[in-house]
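Here's the structure, in structure tokens; my notes come after.
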Amino acid sequence: MERSKREVRMLPMTELRIADVDEKSSVIEGHAAVFDSWSETLGGIFPFKEIVRKGAFIDTIRADDIRALFNHDPNFVLGRNRAGTLELIEDEVGLSVRITPPNTSWARDLQASIRRGDISQMSIGFIVEKDKWSTQDGIDVREIRKVKLYDVSPVTFPAYTATDVGVRAMQEYDGYKAEQRSKAEEQESAARRAKEQARLENLKMKFRNI
């Protein structure tokens, strides 16, 4: 199944904090995604859950030009991996983020809001390149196995209300369900053919015994 639409999502994360480097500078740290931890229910009228597997970010960290933004707004750039002001590492917990913000008034204001706990969440902008759909405990689930990452962003509000996500989810979910229906129809057709073949064999046996 092709993946082309950029997604913005707040995945399970642990903390977002300010760490002081020295008296004049500080960094923003946290985990933008946590491995093997289920998201909330997504998709609106097409409900499903997601989980991120270890290794999903390794290739994109090595290859891609990734930014740290505030609220996914390209006008508020906090850092960039190729500039050395954004560090991204896959650790045992998930996607570890360390941002060295610029010395600007809005960035200082953001750090004050994080220290106060007013802003405590982070989301990521990405494209899923490899995933696996299945059903567990009566709900459809998606394992995210590889992504192309565009940005990591401290956010005022979680970024997965069911608007754009619901539309995107419906398209992918419909594809998954169509595949499941096709498999079910093939199995049903094979069962009918086997039943008809068994009926014909029984008739042949009856004629032989007459």
Side-chain angles (χ1 to χ4, degrees), residues 1 3-19 27-43 47-74 76-82 85-101 110 113-114 117 119-134 136 139-166 168-169 172-173:
M1 193 183 304
R3 301 286 182 268
S4 59
K5 185 173 181 180
R6 179 171 172 174
E7 306 175 25
V8 174
R9 184 98 84 263
M10 192 197 78
L11 297 167
M13 48 85 73
T14 53
E15 77 286 322
L16 183 63
R17 64 182 179 274
I18 301 297
V27 294
I28 301 171
E29 296 180 331
H31 282 85
V34 175
F35 297 135
D36 303 326
S37 181
W38 289 106
S39 70
E40 296 178 12
T41 300
L42 307 173
F48 67 96
K49 289 187 176 183
E50 288 180 334
I51 195 167
V52 184
R53 296 305 189 190
K54 187 173 177 60
F57 301 102
I58 288 178
D59 290 344
T60 192
I61 289 173
R62 292 172 179 167
D64 295 321
D65 190 4
I66 304 164
R67 272 73 165 180
L69 308 175
F70 176 45
N71 277 332
H72 300 286
D73 189 334
F76 296 100
V77 181
L78 288 164
R80 181 178 179 181
N81 63 337
R82 291 189 178 177
T85 52
L86 169 63
E87 297 177 41
L88 300 164
I89 300 172
E90 268 205 15
D91 59 20
E92 293 304 311
V93 176
L95 178 61
S96 176
V97 176
R98 181 180 172 94
I99 305 166
T100 303
L110 172 61
S113 295
I114 294 172
I119 295 175
S120 61
Q121 295 168 302
M122 185 177 293
S123 68
I124 60 178
F126 63 99
I127 288 176
V128 176
E129 294 188 327
K130 185 178 180 181
D131 61 6
K132 179 182 178 182
W133 286 92
S134 61
Q136 295 183 18
I139 187 170
D140 293 301
V141 298
R142 179 167 78 159
E143 294 183 27
I144 298 176
R145 297 183 173 184
K146 182 179 179 182
V147 307
K148 178 180 177 65
L149 191 62
Y150 288 96
D151 72 272
V152 295
S153 293
V155 290
T156 308
F157 293 103
Y160 61 150
T161 52
T163 50
D164 292 343
V165 173
R168 188 271 312 161
E172 296 182 5
Y173 182 74

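- Once rounded to the nearest 0.5 Å, the distance linking CG of Leu95 with CE of Met122 reads 8.5 Å.
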Step-by-step side-chain contact (heavy atoms from CB on, under 4.5 Å) determination, Ile99 to Thr85:
CA-CA 6 Å; Ile99 305 166; Thr85 52; over 6 Å; no
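- Between Asp131 and Arg145 there is no salt bridge, since no side-chain N of the basic residue sits under 4.0 Å from a carboxylate O of the acidic one.
- Residues Leu16 and Gln121 share a closest heavy-atom pair of CD2-O, 3.5 Å.
- Note that the CZ atom of Arg53 and the CD atom of Glu143 stand 4.0 Å from one another [nearest 0.5 Å].
- By the side-chain hydrogen bond (donor to acceptor under 3.5 Å, both in side chains) test, Asn71 is found to be paired with Thr156, residues two or more places apart in sequence or in another chain being considered.
- To the nearest 0.5 Å, atoms CG (Asp73) and CG (Leu78) are separated by 10.5 Å.
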Would you give me the side-chain donor-acceptor pairs under 3.5 Å for residues 86-94, sequence neighbours excluded?
unit_1 : atom_1 : unit_2 : atom_2 : d
Glu90  : OE1    : Gly55  : N      : 3.0
Glu90  : OE2    : Gly55  : N      : 3.2
Glu90  : OE2    : Ala56  : N      : 3.2
Glu90  : OE2    : Phe57  : N      : 2.7
Glu90  : OE2    : Ile58  : N      : 3.4
Asp91  : OD1    : His31  : NE2    : 3.2
Asp91  : OD1    : Val93  : N      : 2.9
Asp91  : OD1    : Gly94  : N      : 2.8
Asp91  : OD2    : His31  : NE2    : 2.8

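- No option in Val152, Leu149, Asp151, Thr60 other than Leu149 meets the side-chain contact (heavy atoms from CB on, under 4.5 Å) test with Phe126.
- By the ring pair (Phe, Tyr, Trp, His ring centres under 6.0 Å) test, Phe70 is found to be paired with no residue, residues two or more places apart in sequence or in another chain being considered.
- Interatomic distance, Ile127 CD1 to Lys146 NZ, rounded to the nearest 0.5 Å: 12.5 Å.
- Between Ile124 and Ala32, the shortest heavy-atom distance links the atoms CG2-CB, 3.6 Å.
- Judged by distance alone, the side chain of Ser153 and the main-chain N or O of His72 form a donor-acceptor pair under 3.5 Å.
- Look at Lys148 and Asp64 and you find a salt bridge, because one of the NZ, NE, NH1 or NH2 atoms lies within 4.0 Å of a carboxylate O, short of that distance.
- A heavy-atom distance below 4.5 Å is found between the side chains of Val52 and Phe35.
- No more than 12 heavy-atom neighbours from other residues, nucleotides or ligands sit within 6.0 angstrom of NZ on Lys132.
- To the nearest 0.5 angstrom, Arg142 atom CZ is 4.0 Å from Glu50 atom CD.
- Contacts of Ala19 classified as side-chain contact (heavy atoms from CB on, under 4.5 Å), with partners at least two apart in sequence or in another chain: Val27, Glu29.
- Partners of Asp65 by side-chain hydrogen bond (donor to acceptor under 3.5 Å, both in side chains), not counting sequence neighbours, listed by chain and number: Arg67, Arg80.
- Applying the side-chain contact (heavy atoms from CB on, under 4.5 Å) rule to Ile139 yields the partners Thr41, Lys49, Val141; only residues at least two apart in sequence or on another chain are considered.
- In this structure, Ser123 and Val155 approach most closely via the heavy-atom pair OG-CG1, 3.3 Å.
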